[in-house]
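For reference, the structure is listed below as structure tokens.
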Protein chains: 2
Amino acid sequence: MALGILGSEGEAALTMRRLADACGVTPMAIYHHVTDKAALLELAVNQVVLDALPGRTASPLPWREELVRTVSAFRNALVDNPGAGRVFVRQAVVGSGTAAVTEIMLRLLNEAGLTGDAVVEAADSLTLVVLGSVVNELTRPPAVRERLIGHLAESETPFLVQHLPAYAHRDPEKRFLRALGWLIDGFERDRDIGG
Amino acid sequence: MALGILGSEGEAALTMRRLADACGVTPMAIYHHVTDKAALLELAVNQVVLDALPGRTASPLPWREELVRTVSAFRNALVDNPGAGRVFVRQAVVGSGTAAVTEIMLRLLNEAGLTGDAVVEAADSLTLVVLGSVVNELTRPPAVRERLIGHLAESETPFLVQHLPAYAHRDPEKRFLRALGWLIDGFERDRDIGG
DNA sequence: ACCTGAACACCGTTCAAGT
DNA sequence: ACCTGAACACCGTTCAAGT
């Protein structure tokens with residue numbers, strides 16, 4: 001029910017009053033099932049994450065492919081459901097879905113040969129890129145970036161003037177995958193030097 | 001005035017009514033200076049970004065040091081002023097401050113020897129890490145991560161059980177710098193292979 | 001255990017009016 | 001150009017009460 005509203009009408013539409021209406025009940029009835037609105041949103045968004053996780057394939061892929069697949073599915077679920085994505089970047093979402101993503105990331109980074117603190121730090125890095133990508137897609141569409149020009153004299157921003165068209169007109173998923181690729185390249189180089 | 005409230009009392013305290021009170025004026029008077037609340041927040045947060053940018057040093061540092069310095073200053077300003085940080089990850093902030101950061105990033109990546117689309121894609125990657133780090137610090141303190149355990153049977157999450165203490169108890173800025181380092185390593189490797 | 005009704009303390013914003 | 005006063009259409013949440 002909460003998931004339906006969040007998916008079809010967005011975050012702003014998911015108010016206690018509207019959800020109560022949709023359930024044919026009084027707003028206060030909801031408080032018998034969750035402690036407050038943040039808890040309600042946490043449950044709903046965790047479910048979105050849980051639904052997004054790909055099942056383990058029959059024959060497991062190499063760790064790098066599997067990592068990209070998992071992290072992309074995580075990101076895409078939040079970008080494709082903007083209501084859920086907006087909540088995810090505004091409050092913590094702790095549940096079976098986010099626990100499962102974290103477990104998979106840690107397992108694959110172990111498999112990749114990272115050791116010690118590098119494992120958790122690499123998992124953290126991946127999380128940053130996912131969170132950043134969700135914020136970027138949900139709040140900074142290309143048209144917004146084009147407004148960057150004109151806030152400083154053009155002579156003061158030669159590189160911005162030169163690169164803005166390419167900077168603004170991105171293929172969002174491709175840019176995310178490129179950032180992910182560079183980051184994983186960094187992990188690998190670190191592991192090879194360290195080992 | 002808006003900056004003062006945002007910095008000292010946080011985002012929730014910056015309402016049209018409270019700002020009007022602080023200015024000794026009616027809420028509606030504000031609408032004569034900005035079109036709506038989003039525009040007000042955009043102006044305030046852009047100013048926070050602008051104030052954070054380090055001036056160019058007398059003798060310029062190597063591009064990598066300068067890049068880390070700039071991007072860190074950008075992130076730290078938003079983490080240190082949670083009100084501004086929360087706004088920044090919820091809506092676009094376009095102004096002289098964000099234009100200046102983008103210009104500096106593009107200039108240094110050019111200096112680094114990146115060419116073509118790699119320049120804007122690398123700038124995008126850096127942005128993702130900054131946005132992600134701000135979200136992470138402002139919404140996911142260590143105590144939150146510890147709640148991850150228990151949402152799945154422990155036998156299903158061996159890696160989470162093993163790594164959670166290290167995963168949860170992070171030095172936030174160090175983790176950010178490590179992610180940044182890996183990413184820039186990735187840029188460099190790419191450039192060296194591509195060239 | 002589960003739900004209701006009325007109220008409290010807020011929001012951002014519109015509209016018509018004043019100087 | 002700049003500001004006021006009153007109102008509209010909402011919020012999340014508390015509290016006391018009902019079954």
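In what follows, chains are A, B, ... by sequence order, proteins preceding strands, each numbered from 1.
Contact check for B:L106 versus B:V120: side-chain heavy atoms found under the 4.5 Å cut-off. With a 4.5 Å cut-off on side-chain heavy atoms, A:Q47 and A:L6 do not count as touching. In this structure the side chain of A:E66 never reaches within 4.5 angstrom of the side chain of A:E111, judged on heavy atoms.
One distance of note links CG of B:L114 with CG of B:D190; it measures 7.5 Å at 0.5 Å rounding.
Looking at every heavy atom in both residues, B:D124 comes nearest to A:N136 through OD1-ND2, 3.4 Å. The two atoms that bring A:R140 and B:Q91 nearest to each other are NH1-O, 3.2 Å, heavy atoms only.
Only the C1' atoms considered, D:dC10 is 13 Å distant from C:dA9, to the nearest whole Å. On the C1' atoms, C:dC11 is 12 Å away from D:dC8, given to the nearest whole Å.
When DNA chain C is scanned in the 5' to 3' direction for atoms under 4.0 Å from non-hydrogen atoms of chain B, the outermost contacting nucleotides are C:dC11 to C:dC15.
By the side chain to side chain contact (heavy atoms under 4.5 Å, CB included) test, A:P54 pairs with A:R69, A:A73, sequence neighbours left out. Partners of B:D36 according to the side chain to side chain contact (heavy atoms under 4.5 Å, CB included) rule, which considers only residues two or more places apart in sequence or in another chain, are B:A38, B:A39.
Between B:F88 and B:F74, the ring centre distance stays below 6.0 Å.
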| Base-pairing string, 5' to 3', of DNA chain D - Watson-Crick or wobble, under 3.5 Å, | interstrand | ||.|||||...|||||.||
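Salt bridge present: A:R64 and A:D185 bring a charged side-chain N and a carboxylate O closer than 4.0 Å. Using a cut-off of 4.0 Å between Lys/Arg side-chain N and Asp/Glu carboxylate O, B:R107 and B:E103 are scored as not salt-bridged.
Scanning residues 26-37 of chain A for heavy-atom distances under 4.0 Å to DNA chain C yields A:T26, A:M28, A:A29, A:H32, A:H33. Near DNA chain C, meaning a heavy atom under 4.0 Å away, the residues from residues 16-23 of chain B are B:M16, B:R17, B:R18.
For the side-chain contact (heavy atoms from CB on, under 4.5 Å) with A:N46, the qualifying choice from A:V94, A:T98, A:L41, A:D51 is A:T98, the only one to do so.
A continuous path of Ile, Leu, Val, Met, Phe, Trp and Tyr side chains, each step under 4.5 Å between heavy atoms, connects B:L40 with B:L43, placing both in one hydrophobic cluster.
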